[in-house]
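Below is one structure, written out as structure tokens; the observations come after it.
Values reported hereafter were calculated over all heavy atoms of this structure, with side chains retained and with hydrogens, waters and symmetry mates removed. Index from 1, following the sequence.
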Amino acid sequence: QVQLAESGGGSVQAGGSLRLSCLATGYYFDGSCMGWFRQAPGKEREAVAATAGDGDTSMLDSVKGRFAISQDKAKSTLYLEMNNLKPEDSAVYYCAASTNQNTIWEWFNPRLYAYWGQGTQVTVST
């Protein structure tokens with residue numbers, strides 16, 4: 001049984017940093033797409049970043065240069081390093097994992113992902 005558990009959210013001031021972690025138990029890191037999504041109140045869930053684990057990554061334009069996605073297979077963990085945070089980054093962040101390889105091109109599509117975490121809140125104040 002696959003379970004994804006996010007951690008690392010919190011409240012920071014604008015310009016601050018956070019690192020989100022997603023522990024993926026029961027999940028096999030085989031190059032299938034893993035990603036981070038976020039959802040702010042009253043807004044649709046949007047894809048933030050994804051990786052296929054082979055150095056191939058994709059990123060939302062508004063976070064390029066500020067966020068970085070990575071994974072540590074030995075620790076079964078996906079990370080999202082977030083720097084220079086802005087108030088508009090405030091949202092619940094979700095970890096997601098697919099079971100399909102060679103699908104990084106569809107990274108932004110929530111339907112690609114079979115497994116989802118419960119989410120972790122990120123709040124950025126001015």
Side-chain angles (χ1 to χ4, degrees):
Q1 181 180 359
V2 175
Q3 290 187 324
L4 305 180
E6 303 95 336
S7 61
S11 297
V12 296
Q13 290 190 326
S17 298
L18 286 172
R19 187 175 79 158
L20 305 184
S21 299
C22 172
L23 177 62
T25 55
Y27 181 74
Y28 184 57
F29 283 66
D30 62 355
S32 296
C33 195
M34 298 185 75
W36 290 94
F37 285 71
R38 67 186 181 188
Q39 187 167 20
K43 295 188 177 181
E44 291 188 357
R45 188 172 296 192
E46 68 175 349
V48 177
T51 179
D54 55 359
D56 203 358
T57 63
S58 293
M59 201 80 65
L60 182 67
D61 283 348
S62 63
V63 306
K64 286 180 179 177
R66 300 189 296 122
F67 290 13
I69 186 171
S70 62
Q71 60 179 223
D72 186 332
K73 295 180 182 180
K75 295 183 178 180
S76 298
T77 302
L78 179 72
Y79 299 101
L80 184 68
E81 186 76 36
M82 305 186 295
N83 298 307
N84 190 21
L85 282 160
K86 302 177 180 180
E88 52 264 41
D89 295 319
S90 297
V92 177
Y93 282 71
Y94 298 91
C95 170
S98 76
T99 56
N100 300 306
Q101 296 180 338
N102 301 316
T103 55
I104 189 70
W105 59 272
E106 202 177 356
W107 69 281
F108 50 86
N109 185 354
R111 296 177 184 156
L112 175 66
Y113 302 89
Y115 306 105
W116 291 84
Q118 293 298 309
T120 185
Q121 177 70 48
V122 171
T123 302
V124 185
S125 59
T126 56

If I take atom [atom1] from residue [X] and atom [atom2] from residue [Y], how far apart are they, to the nearest 0.5 angstrom?
X	Y	atom1	atom2	value
R19	M82	CZ	CE	11.5 Å
T25	Y115	OG1	OH	11.0 Å
T77	L20	OG1	CG	12.5 Å
Q118	S7	CD	OG	13.5 Å
I69	E81	CD1	CD	12.0 Å
L80	T120	CG	OG1	11.0 Å

Worksheet item: Is there a donor-acceptor pair closer than 3.5 Å between any side-chain N or O of E6 and the backbone N or O of C95?
Response: yes
Worksheet item: Does the S90 side chain pair with the main chain of V124, one donor and one acceptor, at a distance under 3.5 Å?
Response: yes
Fill in: E88 CD: over 12 foreign heavy atoms closer than 6.0 Å
yes
Fill in: salt_bridge(D89, K86) N-O dist < 4.0 Å
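Between K86 and D89 there is no salt bridge, as every charged N stays at least 4.0 Å from the carboxylate O atoms.
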Do you know the tightest heavy-atom contact between [X] and [Y]?
X	Y	value
L112	E106	CD2-O, 3.6 Å
A91	Q121	O-NE2, 3.4 Å
A50	C33	CB-SG, 3.8 Å
T99	A114	CG2-CB, 4.4 Å
W107	A47	CZ3-CB, 3.5 Å
F37	V48	C-CG2, 4.0 Å

Discussion item. Applying side chain to side chain contact (heavy atoms under 4.5 Å, CB included) to S76 and F29, what does each step give before you reach the verdict?
Written reply: CA-CA 8 Å; S76 298; F29 283 66; 4.1 Å; yes
Worksheet item: Quick one: do the S98 and N100 side chains pair a donor with an acceptor below 3.5 Å?
Response: no
Flag yes if [X] and [Y] sit in one hydrophobic cluster, no otherwise; membership is Ile, Leu, Val, Met, Phe, Trp, Tyr, and two members link when side-chain heavy atoms are under 4.5 Å apart.
X	Y	value
M34	L23	no
I104	V63	no
L60	V92	no

Item to complete: Describe, in one word, how the ring planes of W116 and Y94 are oriented to each other, choosing from parallel (under 30°), tilted (30 to 60°) and perpendicular (over 60°).
Response: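 Aromatic pair W116/Y94 classed perpendicular.
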Worksheet item: Between L4 and L78, is a side chain to side chain contact (heavy atoms under 4.5 Å, CB included) present by the stated rule, with each step listed?
Response: CA-CA 10 Å; L4 305 180; L78 179 72; over 6 Å; no
